[in-house]
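Working notes, beginning with the structure itself.
Naming convention: chains lettered A, B, ... in sequence-line order (proteins, then strands); numbering from 1 in each chain. Predicted model only: the values in this text are computed from it and were never measured.
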Amino acid sequence: MNGAHDMGGVHGFGPVVPEVDEPIFHGEWEMRVLAMVLACGAGGRWNIDMSRFARENRPPAEYLSLSYYEVWLAGLERLIAERGKPDRVLRAEEVPAVLARGGPADREPIREAAFAVGDRVVTKNINPVGHTRLPRYARGKVGVIERVHGFHVFPDVNATGAGEDPQWLYAVAFTGEELWGPDGDPRSTVCIDAFEPYLDAVR
Amino acid sequence: MNGAHDMGGVHGFGPVVPEVDEPIFHGEWEMRVLAMVLACGAGGRWNIDMSRFARENRPPAEYLSLSYYEVWLAGLERLIAERGKPDRVLRAEEVPAVLARGGPADREPIREAAFAVGDRVVTKNINPVGHTRLPRYARGKVGVIERVHGFHVFPDVNATGAGEDPQWLYAVAFTGEELWGPDGDPRSTVCIDAFEPYLDAVR
Amino acid sequence: MTHSDLSDVQVRVRALESALVAGGHVDPAALDALVETYETQVGPHLGARVVARAWLDEAYRERLLGGATAAIAELGIRGRQGEHMVALENTPTVHNLVVCTLCSCYPWSVLGLPPVWYKSAPYRSRAVSDPRGVLADFGVTLGSEVSVRVWDSTAEVRYLVVPMRPAGTDGWDEARLASLVTRDAMIGVGVPSGAQTPSRPGSRL
Amino acid sequence: MTHSDLSDVQVRVRALESALVAGGHVDPAALDALVETYETQVGPHLGARVVARAWLDEAYRERLLGGATAAIAELGIRGRQGEHMVALENTPTVHNLVVCTLCSCYPWSVLGLPPVWYKSAPYRSRAVSDPRGVLADFGVTLGSEVSVRVWDSTAEVRYLVVPMRPAGTDGWDEARLASLVTRDAMIGVGVPSGAQTPSRPGSRL
C-alpha cells in the first residue's frame, strides 16, 4: 500500500536527532510489547509479512502520530483480533533456540534467476492496496542488478495468507539522479532489495 | 516539496464521507480565518504561492492532524511572522471589487509555446524541497497535451519571492495505467495542469 | 478534535484578529464583508445558472465550452478562484470529475466555498487513483462504457463540470432547470437532482 | 506524548499481557527471557567483534565479504533479524549507509535493537534522498571523492557496514580494536570512535 510508512523521499520531517546515551527501552511497557510481539509471532497464527502489513495499514495521521512500539502494539492487537491468540505457546526454555534459529526467508530455488549481476532492469509501477516491499520512490526506475541474494519468500503474497510464493531476490542499484532527478545526489547510489516480480528487463 | 499535502494515490485515508446539509462554516472562528487570509492576502506582503507553501511546509503528522482552516490559520501565522503584517489595508468598501477582480495568473506571452494539443510529453522527475505544483504521482510519466491554457505565473519560482517567471501552462492527460500501472483504472484518465518547465518532449 | 483543542484555536484566532485590527492592518468591516459574501452571495446557485443556460442555449453552450471564463462573465459571474475557468461537458461516454490533490483548489466564483469532503484526505488521495471507488462513496455508478476523466487542479485553472441534462425536462425554463443542478453534479461526484433517466440512451448515469 | 496518553498505552499493554497469560497463550517467563536477551546479551558489541576480526584477519575479511551469514556464525553470532547478512566494506572512495524506509529492519543479531532515530521518520525519509544531509546531522562530512551507497533493507537481508580501520592501531588485538567500533559506524552514520585520521591517504572520513 502507498501508506505513510513508505517514507523514502518525503520532506518535512526535520533533522535526525540522535539521543545521547539512549537506553534500549524507554519504559517497561516497550519491553513487554517487544516480548509479546516475538512470543505471539512464534505462535503460528501469522507470519512476519502479515505483521508488517498490520502495522502499516492504518490512516497516515495515525501511523505518523504513534511511536514505534505503539505501532507494534496496535499491530499486535489487530493481528490477535483478526487471527486469534496463539495456540502454540513459546516456552521460556525454548527462547534461546528460537531466537538463534530466527526465521530464514530463503527457499530451495525451483527455477533459474531471470537476472544476473550487471543486468539493467526497470522496476514496475505498481500501486497495490495490499502489502508490498517496493517503495514508491523506486517505482518505474532503471537500475542495475548489484547482487543476487537468493530465492526468498515473496512478502506481497505471503502477507495475504496465500502462501510463500518464493521468488528470486536481488539488490538493485539506482543512481541518485535516476531516483530524484536534478535534486538527487550525483555521487550517491541507493540499493533496494527487489523481488523478481518487481522487475522488467531493460533491452 | 514531497509533503503530506501531496496526497494523490496515497492509501489508508478511508472512504469519502460527505456531511448532510453541511453548513458553509463550522464555527465562527472558521469565518474569521477565511476573512483574515483574504484580507491579509490583499495586503501585498506575500503572494498565493507563498501562502500555499506556508500551509504545506510542515511536518506530515502536523499537516494531517489539522483541519483545513487550522492549516490556513497556521499558514497565516507563519506568513505574518516571516513577512510582517500587511501595510496595505483592504477596506470594506473595496471588498466587492477586489473579489470580483480576483488574482488572474495569466501574463502576456513573451515566447512561443513549446507544445501543442496532441503532443506527447513526459513529466520530469523533480523532487525539490521547495514549492512545486507537479504532484509526485505524475512525475516521470508520459502524457498527451490536452489543452494549452495560456502563459501563467510559475508557482515554483513565485513562491520563493524571485518573481513571477511566467511559463506556458498545459492540461496534460495520462491514462490510469500510465500513472498506476496494473492497479490503475484502464477506463480513466487524469489531467493535471503542468507548467512547461515540468515537461520534456517525447520523440 | 477535543473541546480544549478547539478553544485553543479560537483563542489564537481572536488574538490574531485583535492584533491585526489594533495595529490598523485589517479593517474589521472588511472581514465582515468577506464573510458575508461567501455566506450569502456566492454559492452553487451561480454555477447552476451557467449549466442551465448551456442546456437551453446551444450558442451559449458552445461559448462556454470554447472559453468558459468569458461565457460565465456574460451572466455577471466572475471573481476570485474563478479567474481562469474551463467547462467540462459530460456525455454518455465521458464523465468528468474535479479534484485538487495538492491543496483544495475549487471554483469559488461559481460554486462558493468547498465542502469539507472536497478538502479531505480521502477525496484528494483517491480521486486520481480510484475515481470509480470515490464515485461509489457518493452512490454514483457508471456504466462500463463510460470513461472517467479526472481533472487535478494543480494550477490556477478552475474546472466546472456540465452534467448531462436530465430526460423529461423538455420545455423547462432556466430557473427550473437550474434547480436540478447540484453542487456535487458540477464537481462530478453527483448527477442533477431530478435525473431519473439519462437524456440519451446507452448511459446509466 | 502527554502523560495521560502514556498511561493509556500502559493500560493497554498490561491488559493484553494479562489476557494472553491468563488464557495460556503466552508463557510470562518467556517474555522475561526475551526482554533479558535483548537487554543484556545481544548488542553492538557482537558486530564490533566481527569488524575487528575482519580488520585483523584477511582470510576472515574475505569470507565475511563473500558470505557474511556464515562468517558471522563462525563467531557464534546468529539469529533473528540476522538470518541473511551482507557485509558492506567502506573504502576511501565508497561509504555505505543502511536504512529501512518501509519499517525499520535492522540487523538485530549483530547490533541488538535499533535506536529510536533509526526508526524515526527523519532518518527513514532522508537517508535515501539526502544521505549527505543525514550524515551531516551526525557530524560526519565526506570528501567529494567519496560516493555514498545507501542500502534500503526492503526484504529479509540485513546489512552490516565494515568501517575503515583507523590509523594508529597497528598491533592492537581484537578486543582493543572492537572497542573502537561503534554501533553508528556499523550502520554507516558514524566512524570508529578512535578514528583521528583515516587508515589510507586521500580520505577525510
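- The residue among B:Pro182, B:Pro128, B:Gly140 with the most heavy atom pairs within less than 4.5 Å of chain A is B:Pro128.
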Distance-only check: which donor-acceptor pairs of chain B and chain A lie under 3.5 Å?
unit_1: B:Asn2; atom_1: N; unit_2: A:His11; atom_2: ND1; d: 2.9
unit_1: B:Asn2; atom_1: O; unit_2: A:His11; atom_2: N; d: 2.7
unit_1: B:Asn2; atom_1: ND2; unit_2: A:Gly9; atom_2: O; d: 3.0
unit_1: B:Gly8; atom_1: O; unit_2: A:Arg136; atom_2: NH2; d: 3.4
unit_1: B:Gly9; atom_1: O; unit_2: A:Asn2; atom_2: ND2; d: 3.0
unit_1: B:His11; atom_1: N; unit_2: A:Asn2; atom_2: O; d: 2.8
unit_1: B:His11; atom_1: ND1; unit_2: A:Asn2; atom_2: N; d: 2.9
unit_1: B:Asn125; atom_1: ND2; unit_2: A:Glu178; atom_2: O; d: 3.2
unit_1: B:Asn125; atom_1: ND2; unit_2: A:Leu179; atom_2: O; d: 2.9
unit_1: B:Asn127; atom_1: N; unit_2: A:Asp183; atom_2: OD2; d: 2.7
unit_1: B:Asn127; atom_1: ND2; unit_2: A:Trp180; atom_2: O; d: 3.3
unit_1: B:Arg136; atom_1: NH2; unit_2: A:Gly8; atom_2: O; d: 3.4
unit_1: B:Glu178; atom_1: O; unit_2: A:Asn125; atom_2: ND2; d: 3.3
unit_1: B:Leu179; atom_1: O; unit_2: A:Asn125; atom_2: ND2; d: 2.9
unit_1: B:Trp180; atom_1: O; unit_2: A:Asn127; atom_2: ND2; d: 3.3
unit_1: B:Asp183; atom_1: OD2; unit_2: A:Asn127; atom_2: N; d: 2.7

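- In terms of the side chain to side chain contact (heavy atoms under 4.5 Å, CB included) criterion, residue partners of A:Pro86 (sequence neighbours excluded) are, by chain and number, A:Cys40, D:Leu20, D:His25.
- With chain A as partner, the option from B:Gly14, B:Gly3, B:Pro60, B:Pro59 having the largest number of non-hydrogen pairs under 4.5 angstrom is B:Pro60.
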